[in-house]
Amino acid sequence: MLISEAATKWGVSERAVRDMCIAGRILGAEKHNGKWVLPDDAVRPDDGRIKTGEYIKTKSQAMPIGVSDYIRAQSDYYYVDKTLLIKEILDQKSLVTLFTRPRRFGKTLNMDMLRVFFEISSDDTEKYFKDKKIAKFGKKYMDYQGKYPVIFLSFKDVKFDTWEETFDKLSELVQVEFGRHQELMTSDALLDYEKEYYSKVLSKSANKVELSSALENLSRMLNNHYGAAPIIIIDEYDTPIQEGYSKDFYGDIIDFMRNFFSGGFKDNKNLSFGFLTGILRIAQESIFSGLNNITVNTIMDDEYSEFFGFTKGEVADILYDFGMGENISEAEKWYNGYCFGSTEIFNPWSIINYVSKNGLPQAYWVSTGKNEVLEDVLNVATEDISERLNMLLLGEKVIARIDQNVVYRSLTENPANIYSLLLMAGYLKPVNKQIQMDGSYLCEIEIPNQEIAAVFKIEIMSHLLQVGAVQQSTANRIAESLYARDFVLLQQALVEYMNKSMSFYDASAEGFYHGLTLGIVAMMDNTYRIKSNRESGDGRFDLALFPRENQYPGIIMEFKWKNNLSEKALSDLAEEALTQISAKSYDIEMKDLGVAETIKIGAAFSGKNVVIKTL
């Protein structure tokens, strides 16, 4: 049976059937000579006769937006089973594992799942895993269930402006975790000085030195009490470090974390397993100095690649379970494109919100919080970086060195590290990668999907508005003039934008040009295809905006720059730039494409002065 026959039989589009085949939803479907062929007795997956065994909830349940409590997520919401993470951890048997993944990729939920699985509890926690994948692998793995004390700390909300506030929050989190183990207060296995230390932390009266030993001391006390070395889980360990970088208390947080983590993970005989999650691997900070028993798993590695985020098959199941099978292609365009190891991954936060909004495609990830990483990148962007950001925004690929040991402070030391930061933070994806002798990668990188392209544009516009390059009123005038087809107003708004841009961009031809282009792309990419420094006619134009619809005019910009020009000389130079557009027939490609009208703009600048001529 061909796709067209199945589509008619099931009352769906051919695209929907093709997507089912690609996702492996139709048993027996195979590709022959480039075409999908289905068994004659094949049925629609959502008819209930084809089960993948991957999901335990029905489409009537709500999606777990912002739910990071494993017990609640798997019982009250639609849950995508990631319990085989436990099997892989037990198979690998690494003493300490650091997982680095972008934010909102399920790190906290997975860590809470590990806590519930391993932790000794007076409740029957085995019931939360009996119908999950891990239980199918039997006694070998389930014997680990409920056998360890667990220390669990999540730093995901440690976001404060000062070190004092940050330390106060860390003290509170440690206090609450000590409070979860109140059996230690009356334990005969603890010495008096240990109980005294326990009480000090519980009353939040421990100083910085005392608190820095909290993991070491609590793990020893738990081991003595239970006769089993605990598991330590630290979720989003680098959140307060990132805050320290952006809020100028970097040294304080690094010094504290170095001692805090060393006590818990370095040569700690009272440790069964340790797990940490974060966005970056902060090795150069010596936080894990001398810790030779840590296994780091990043987005570049194949191990654990399918456990953070949704695979293509999981997304296909989700969409079909919610009656949205025909949305696969759209969801892929907006939220797919991540590559963890060699596994294709969707952004889980975005998919959950997309389904909850009945298939409304928009940038959900940007609403999860301020994107400090991208803001930091824009603050230190050099001319070369701005040019590459332009290329990325225009859907092109660039080649960059990726260092997995990149740290926040390296942005100012070496701005080229921004590609490593953006990749680890989820803003870019590696298309091709080649490992180098020093352990870094040489990668061809690009923006993974339409959602991240939108995030880039939103953040760039926000940055431009914040630093004064363009007021919101100017951006609004550009949008309004395009909508109204008022090309005189459009011309005026573009001139105003360039004049304001000149007030803060570097007073050099390249600095102005690349900063200007970034803003143009961010403001106008929905209406125009934007090309820079391309051949056309008898030369190469600086910037051209090709309308996506014939109702809009084309726009060609040519820039000239010289030092120490008088007002008249600067005006003459702008006229020369304008004349060059016509003399070298830069608009020939516009005419070939049937663009009826083209606005020509010549701009000349010298230092902080700019003159713009239009035609």
Evaluation steps, salt bridge (Lys or Arg N to Asp or Glu O under 4.0 Å), between Glu314 and Lys82: CA-CA 11 Å; Glu314 288 169 342; Lys82 295 290 185 179; 2.9 Å; yes
Worked verdict on Leu153 versus Asp235 for side-chain contact (heavy atoms from CB on, under 4.5 Å): CA-CA 6 Å; Leu153 291 168; Asp235 181 48; over 6 Å; no
Working for side-chain hydrogen bond (donor to acceptor under 3.5 Å, both in side chains), residues Tyr354 and Asn327: CA-CA 10 Å; Tyr354 175 73; Asn327 294 50; 3.0 Å; yes
Pair Met257-Asp238, side-chain contact (heavy atoms from CB on, under 4.5 Å): steps then yes or no: CA-CA 9 Å; Met257 289 300 191; Asp238 58 343; over 6 Å; no
Verdict with reasoning, Leu319 to Val315, per side-chain contact (heavy atoms from CB on, under 4.5 Å): CA-CA 6 Å; Leu319 294 177; Val315 171; 4.0 Å; yes
CA sep, side-chain torsions, deciding dist, call: Leu38, Val17, side-chain contact (heavy atoms from CB on, under 4.5 Å): CA-CA 10 Å; Leu38 289 62; Val17 179; 4.0 Å; yes
Check against side-chain hydrogen bond (donor to acceptor under 3.5 Å, both in side chains), Asp91 and Tyr141: CA-CA 9 Å; Asp91 288 343; Tyr141 298 98; 2.6 Å; yes
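Note on ring orientation: taking the six-membered ring where Trp is involved, the planes of Phe155 and Phe260 are tilted (angle from 30° to 60°). Taking the six-membered ring for Trp and thresholds of 30 and 60 degrees, Phe273 and Phe275 have nearly parallel ring planes, at less than 30 degrees apart.
In this structure, Lys127 does not pair ionically with Asp124, as no charged nitrogen and carboxylate oxygen lie closer than 4.0 Å. Salt bridge annotation for Arg180-Glu119: present, with a cationic side-chain nitrogen under 4.0 angstrom from a carboxylate oxygen. A salt bridge is defined here as a Lys NZ or Arg NE, NH1 or NH2 lying under 4.0 Å from an Asp or Glu carboxylate O, and Lys433 with Glu444 fails to meet this definition. Taking 4.0 Å as the cut-off between side-chain N and carboxylate O, Glu243 and Lys159 do not count as a salt-bridged pair.
Judged by a 6.0 Å distance limit and a 45° cone about the ring axis, Arg101 is positioned over the six-membered ring of Phe340. In this structure, Lys429 forms no cation-pi arrangement with Tyr338, as its terminal cationic atom is not both closer than 6.0 Å to the ring centre and no more than 45° off the ring axis. Cation-pi check for Lys531 over Phe546 is met; the charged atom lies under 6.0 angstrom from the ring centroid and within 45 degrees of its normal.
Between the CG atom in Asn336 and the CZ atom in Phe310 there is a gap of 13.0 Å [rounded to 0.5 Å]. Here the CD1-OH distance, from Ile352 to Tyr335, works out to 12.0 Å after rounding to the nearest 0.5 Å. Remark: Met113 CE to Ile233 CD1 distance equals 9.5 Å, nearest 0.5 Å.
For the pair Leu271/Val96, a side-chain contact is recorded, criterion being any heavy-atom separation below 4.5 Å from C-beta on. With contacts defined as side-chain heavy-atom distances shorter than 4.5 Å, the pair Phe261/Tyr237 qualifies. Annotation: side chain of Leu98 is in contact with side chain of Ile294 (closest heavy-atom distance under 4.5 Å). Using a 4.5 Å heavy-atom cutoff, the side chains of Leu360 and Tyr364 are in contact. Residues Tyr144 and Leu90 form a side-chain contact, since some pair of their non-hydrogen atoms from C-beta on lies under 4.5 Å apart. Residues Tyr441 and Met300 are in side-chain contact: their nearest non-hydrogen atoms beyond the backbone lie under 4.5 Å apart.
For Arg72, the CZ atom is loosely surrounded, since the number of other residues' heavy atoms within 6.0 Å does not exceed 12.
In this structure, the ring of Phe117 has its center no less than 6.0 angstrom from the ring center of Tyr70. Aromatic pair Phe322/Tyr78: ring centres closer than 6.0 Å. Taking the six-membered ring for Trp and the full ring otherwise, Trp365 and Tyr427 have centroids separated by under 6.0 Å.
Side-chain atoms of Lys132 and Gln74 form a donor-acceptor pair, as typed in the model, at a separation below 3.5 Å. In this model, a donor atom of one side chain and an acceptor atom of the other lie less than 3.5 Å apart for Thr83 and Asp81. Using a 3.5 Å distance cut-off with no hydrogens or angles, the side chains of Asn268 and Ser219 do pair a donor with an acceptor. Between the side chains of Ser305 and Thr343, at least one donor N or O sits under 3.5 Å from an acceptor N or O. For the residue pair Thr295 / Gln92, no side-chain donor-acceptor distance below 3.5 Å is found, with atom types taken as modelled. Side-chain contact annotation: Asp112 with Ser68, donor-acceptor N/O pair under 3.5 Å absent. One side chain, Ser350 or Glu451, offers a donor N or O that lies under 3.5 Å from an acceptor on the other. Checking Ser440 against Asp403 by side-chain atom types alone, no donor-acceptor pair falls below 3.5 Å.
Remark: the backbone N or O of Met1 is paired with a side-chain donor or acceptor of Asp40 at under 3.5 angstrom.
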